[in-house]
There are 2 protein chains.
Amino acid sequence: MEDGNPAVDIRIVLFTMVEGRLLVALHGDICRPALPRAAPGATASLDVEARRIVQVTTALHEQYLEQLYTVNARDESGWAIVIAYLGLICSGPEAPPLDGGWYAVGVLPTIGETDRRVIDYALARLRAKLGYTTIAFHLLPQTFTLSELQGAYEAILGRALDKRNFRRRLVAAKILESTETQRRDRSHRPALLYRFRASHDRETFLTPSWAGGA
Amino acid sequence: MEDGNPAVDIRIVLFTMVEGRLLVALHGDICRPALPRAAPGATASLDVEARRIVQVTTALHEQYLEQLYTVNARDESGWAIVIAYLGLICSGPEAPPLDGGWYAVGVLPTIGETDRRVIDYALARLRAKLGYTTIAFHLLPQTFTLSELQGAYEAILGRALDKRNFRRRLVAAKILESTETQRRDRSHRPALLYRFRASHDRETFLTPSWAGGA
DNA sequence: GCAAAAGTGTTGTGTATACACCCATGG
DNA sequence: CCATGGGTGTATACACAACACTTTTGC
């Protein structure tokens, strides 16, 4: 911040879902964890740079990336502009390795004030978008049971949902199709596996109600 | 963009409403109009800086200011980060003077690609927020008739609304209170004047439906 | 009395919510 | 046979959309 342009800093709130819990990636050693971040170069676009941060942080490519908000922070080293992103990746049965760690939201370690605000905002946005987009799908593998999907919703929202209403809504939205296969899990009736319909290419279905009414 | 930090540029999409038309402020001479803008200093916060731009552009203080989105632009002088804001001000019977001009949305002059994208986005956001916030009030004076309010909605949305449904909805929201006074306008029945209830301090009422349901 | 805007109700339709039981399996 | 999660239907309340006529005023 010596002269001219203020410092700019891209930070990613990277969520994943493991065993029905929503986790955030925090970078760095145990005593000073922080959101993955980088300063944008003079050549790459913001979105490209954000994507690069995800790839550097974990080996995986992100499934979903969305800009959240730009704030200014007076965090450690002076005054900076922070451009926050929300990223979602789908883990397998365990979270991918990371130079840092994955933390359950709500049980976060001590982090900077700005990082906390950004995470809160990212979570609020994610919750909101559950209601009118297919965003949750980016946290799940290609095929999944309806109970797994419902579990993801519940983990994000932090409250229980009614099973019948949930299923009815998803069916009504016509964004799922059942693979014929079942998964036999443990000692109970096997569950049907579903996948997303290719026609809804994981991005559309953004039609808030107020888009066309009196 | 010589080294280090990229250039940062705050731009404001400043709307006002005059005679039932939604206008945007464009700065600069006729042949090169552009959105009002400034580079943030190293001291002021983004929001403060955005507010200052509004005050410099018009004499008025803005009524409403909201950050929209951050994009990167390769507009005229290289690569820059553009932080876009949405601003609303309430004009009287005519738009306030301006070093530049007010243009009806939809009949904009030739402007930069980035400016156009930002204006489109601002308009989309404004339209969306009509549905679940009291944002439109910032375009109107302290007291107003229901027809004026409906006219503002229609100008923003670009389509007609049903008078009865509109009034019923506003009444149901319980954000209006009638002043006892009437306004006699021309040769027709006088209209009741309304104002916003102080309890809803022009900002709350942000309760999307998905905030609490199965 | 006429033009012009203000104001007012009802009905149908769809969407969200609450709620309880039977089914298929592994052990 | 029992424990576990998978799967199903109905009744109710509310929100939204469509729709037409009477009222008050200035001229």
Side-chain angles (χ1 to χ4, degrees), chain A residues 19-20 127-128 130-133 140 143-155 157 159-195 205 207-214, chain B residues 19-20 127-128 130-134 140 143-155 157 159-195 205-214:
Chain A
E19 288 173 357
R127 281 180 177 154
L130 281 189
Y132 58 98
T133 69
L140 292 178
T143 70
F144 49 87
T145 69
L146 286 182
S147 293
E148 285 168 346
L149 182 60
Q150 182 175 345
Y153 272 69
E154 290 176 333
L157 292 172
R159 68 191 156 92
L161 299 175
D162 182 273
K163 190 169 28 164
R164 286 163 292 187
N165 292 336
F166 181 81
R167 293 161 110 91
R168 175 174 31 249
R169 171 189 301 202
L170 269 289
V171 170
K174 286 190 287 203
I175 51 183
L176 295 181
E177 66 186 8
S178 93
T179 72
E180 297 299 305
T181 60
Q182 297 183 332
R183 171 188 302 167
R184 53 196 66 244
D185 205 10
R186 273 174 295 167
S187 158
H188 55 78
R189 175 171 175 177
L192 269 176
L193 287 171
Y194 289 82
R195 84 166 74 86
F205 192 53
T207 323
S209 60
W210 23 259
Chain B
E19 288 173 355
R127 282 180 176 153
L130 281 189
Y132 59 101
T133 69
T134 60
L140 293 177
T143 70
F144 48 87
T145 69
L146 286 182
S147 293
E148 284 168 348
L149 182 59
Q150 181 176 345
Y153 272 69
E154 290 176 334
L157 293 172
R159 66 191 157 93
L161 299 176
D162 182 272
K163 188 167 29 161
R164 287 164 291 187
N165 292 335
F166 181 81
R167 293 160 110 92
R168 175 172 30 252
R169 171 190 301 203
L170 269 288
V171 169
K174 286 191 287 202
I175 51 182
L176 295 181
E177 68 187 4
S178 93
T179 72
E180 296 300 302
T181 61
Q182 296 182 334
R183 171 188 301 168
R184 55 195 64 245
D185 206 12
R186 275 175 295 167
S187 161
H188 55 78
R189 175 170 174 175
L192 269 177
L193 286 171
Y194 289 82
R195 85 166 74 86
F205 191 53
L206 305 153
T207 322
S209 60
W210 23 259

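The sequence lines fix the lettering, A, B, ..., with proteins before strands; numbering per chain opens at 1. Quantities reported herein were computed from a predicted structural model and do not represent experimental measurements.
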Under 3.5 Å donor-acceptor pair, D185(B) side-chain atoms to dA5(C) base atoms: no
Candidate nucleotides dG7(C), dC19(C), dT17(C), ranked by approach to the side chain of R169(A) - the nearest: dT17(C)
Sugar-phosphate, base or nothing in reach of R186(B), heavy atoms under 4.0 Å: sugar-phosphate
More than 12 heavy atoms of other groups within 6.0 Å of E19(A) CD: no
Atom pair CG (L146(A)) and CZ (F166(A)), whose distance is rounded to the nearest 0.5 Å: 7.0 Å
R167(B) side-chain proximity, nearest of dG5(D), dG9(D), dA6(C): dA6(C)
Side chain of R189(A) (C-beta onward), nearest among dC19(C), dA6(C), dG5(D): dG5(D)
Closest to side chain of K163(B), choosing from dG26(D), dT25(C), dG7(C): dG7(C)
Donor on one side chain, acceptor on other, T181(B) and T179(B), under 3.5 Å: yes
Euclidean distance, atom CG of residue L161(A) to atom C1' of dA18(C) [Å, nearest integer]: 14 Å
Between C1' of dG7(C) and CG of L170(B), the distance in whole Å: 14 Å
dG6(D) phosphate, OP1 or OP2, under 4.0 Å from S147(A) side-chain N/O: yes
Among dC19(D), dG6(D), dA18(C), the nucleotide that comes nearest once only the side chain of A191(A) is considered: dG6(D)
L140(A) side, atom CG; Y153(A) side, atom OH - distance, nearest 0.5 Å: 9.0 Å
Integer-rounded Å distance: dT15(C) P and Y132(A) OH: 19 Å
Gap separating the CG atom of L176(A) from the CG atom of L192(A), nearest 0.5 angstrom: 11.5 Å
Distance, rounded to the nearest Å, where E154(A) contributes CD and dG5(D) contributes P: 13 Å
For atom CZ of F166(A) and atom C1' of dG5(D), their distance in whole Å: 16 Å
Position toward the 5' end of DNA chain C (nearest nucleotide), Y194(B) or S187(B): S187(B)
Sugar-phosphate only, base, or nothing, as touched by L192(A) at under 4.0 Å among non-hydrogen atoms: sugar-phosphate
Residue whose nearest DNA chain D nucleotide is more 5′ - R168(A) or R164(B): R168(A)
